[in-house]
2 protein chains.
Amino acid sequence: MIKRSGRRRGSPDTRDSILEAARRLFADKGFDATTVRAIAADAGVDPAMIHHFFGTKEELFRATIQFPIDPTTEIPDIVAGGRDEVGHRLVAAFVRIWDSPSGAVGASIIRSAMSNDWTLRLMREFLTTQIMRRIVAAIDLDPAEAPLRVSLIASQLAGLAIMRYIIKLEPLASLPSEQVVALIGPNVQRYVTGSLTAET
Amino acid sequence: MIKRSGRRRGSPDTRDSILEAARRLFADKGFDATTVRAIAADAGVDPAMIHHFFGTKEELFRATIQFPIDPTTEIPDIVAGGRDEVGHRLVAAFVRIWDSPSGAVGASIIRSAMSNDWTLRLMREFLTTQIMRRIVAAIDLDPAEAPLRVSLIASQLAGLAIMRYIIKLEPLASLPSEQVVALIGPNVQRYVTGSLTAET
DNA sequence: CCATAAATTCAACGCTAGTTGAATTACTGG
DNA sequence: CCAGTAATTCAACTAGCGTTGAATTTATGG
């Protein structure tokens, strides 16, 4: 009844239902635990449609994790305002992304990477080529120290993601985002600007 | 040829090969991605033996994660020596466990919990009933603040585990344990004794 | 030495997974 | 209006999973 935009190439909108369902399920269960049939059911579509539009399950997964964050809008916000509050802004941006629909992408990758070889490689590449490079560029760090500092930042942020968004450990999971920033920001800040040798 | 201890009940030593193989594989791939058949192959045993000795795959998993840390020896070490170095000792103990063969248990649980419902529940229970309670008891915290502080500590330690032992992000993965303690200890310390409201 | 019970092997069941190919329907450009 | 192409449906295949039960070997206690 409802007339869809009827393009010849590029596909109509069941393609989008599939992508949407896949994003939701991958974020919720990870790559391996999510079945093509479940995605099809959730999208109200025959499993064969998935292969018609996306080919293999792996290709579908890759299609769902096209990073929907525009770095040109996000990164400058983090740098702007001085180096000694970068930690706060990093955590703030991180929490903002994870609380938004785009957080599903992160959840997908983390969940999948824990028990799947190629998604782990994908995550490591993603971390080192995308995130690491951007953080280093954003806050200009001593190149000699940068990898270690970024490792440490990543450890705190990954732990935050897991405890708050995946394990949902209370009270951290229900904490307002500003409080999360206030509590964890300073520690991230220490990894950004703190000494790497002598600590108190 | 070699004579094994021949008890009637309790089983001889293929049982141990199975446990060993299971521990290794579960730690490496997680619960779902590890197949009973792979464990059997790795142990050089028929798959049916696994059910003979352990029943279901789930029961085998539970058998592999019987926590081999004696809390009575580990916990006191953490408390002893004053409250303002608890962070260091917590990280030190954490890294010591993860660098030891017992680290496989943690890896098993984390890997499995990311894409499996009941192992996630198992991990959450483990965190709240075992770890949390012990930490609270060890460092005596204000009961009102304890859950939040432990959440924050858990977030940093979980992130450390994932980046260092699972993702193996460099240079964090190859850092000597003393350096890890020196770098991350102070931040954990902040979660133990730092203010929860106003931060610099 | 023999009966008994555990250890081990083997083959198979039932199920679900990803994937495929052919048949059918719907739609659009000419 | 009519091809032709994309979208959709349907049924099936293959492979691997956890699990089972019966058959067979091994070894020990009496």
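Throughout, a chain's letter reflects where its sequence line sits, starting with A, and its residues are numbered from 1.
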Whole-Å gap separating P (D:dT19) and CZ (B:F54): 14 Å
Pairs flagged by side-chain hydrogen bond (donor to acceptor under 3.5 Å, both in side chains) wherever residues 145-160 of chain B is involved - sequence neighbours left out: A:S155-B:Q156, A:Q156-B:S155, A:Y191-B:Q156, B:E145-B:R149
Non-neighbouring partners of A:T119 that pass side-chain hydrogen bond (donor to acceptor under 3.5 Å, both in side chains), sequence neighbours left out: A:N116
Expected string for nucleotides 12-24 of chain C under the B/S/- scheme (protein heavy atoms, under 4.0 Å, primed atoms plus P, OP1, OP2 as sugar-phosphate) is B----BBBBB---
For B:F54, does the six-membered ring have the charged nitrogen or CZ of B:R62 within the cation-pi criterion, i.e. under 6.0 angstrom from the centroid and within 45° of the normal? no
Within the structure provided, determine whether A:V105 and A:T64 are in side-chain contact (heavy-atom separation under 4.5 Å). no
Atom CG of B:D16 to atom P of C:dA7: distance rounded to whole Å? 12 Å
Check: A:K57 side chain, A:T34 main-chain N or O, donor-acceptor pair, under 3.5 Å: yes
Rounded to the nearest Å, what distance is computed from the CD1 atom of residue B:I50 to the P atom of nucleotide D:dT20? 13 Å
Roughly, in whole Å, what's the span from CZ in B:F53 to P in C:dT9? 10 Å
Between B:E59 (CD) and D:dG18 (P), how many Å, whole number? 14 Å
When you measure from the side-chain N and O atoms of A:T14 to the phosphate of D:dT8, is any distance below 4.0 Å, counting only OP1 and OP2? yes
Round to a whole Å and report the spacing from CE of A:M49 to C1' of D:dT9. 9 Å
Does the plane of the ring in A:W118 sit parallel, tilted or perpendicular to the ring in A:F31? Use 30° and 60° as the thresholds. perpendicular
Under the 3.5 angstrom rule, does the side chain of B:R111 hit a backbone N or O of A:S115 as a donor-acceptor pair? no
Whole Å only: how far is the NE2 atom of A:H52 from the P atom of D:dC10? 16 Å
Got a sec, which pairs hit ring pair (Phe, Tyr, Trp, His ring centres under 6.0 Å) with one end in residues 162-190 of chain A, sequence neighbours left out? A:W98-A:Y165
Distance check needed: D:dG18 P versus B:L25 CG, whole Å only. 12 Å
Can you give me the bend angle of the helix from C:dC1-D:dG30 to C:dG30-D:dC1? Use the axis through the first five pairs and the one through the last five, nearest 10 degrees. 0°
For residues 39-53 of chain B, the side-chain hydrogen bond (donor to acceptor under 3.5 Å, both in side chains) pairs (sequence neighbours left out) are B:R24-B:D42
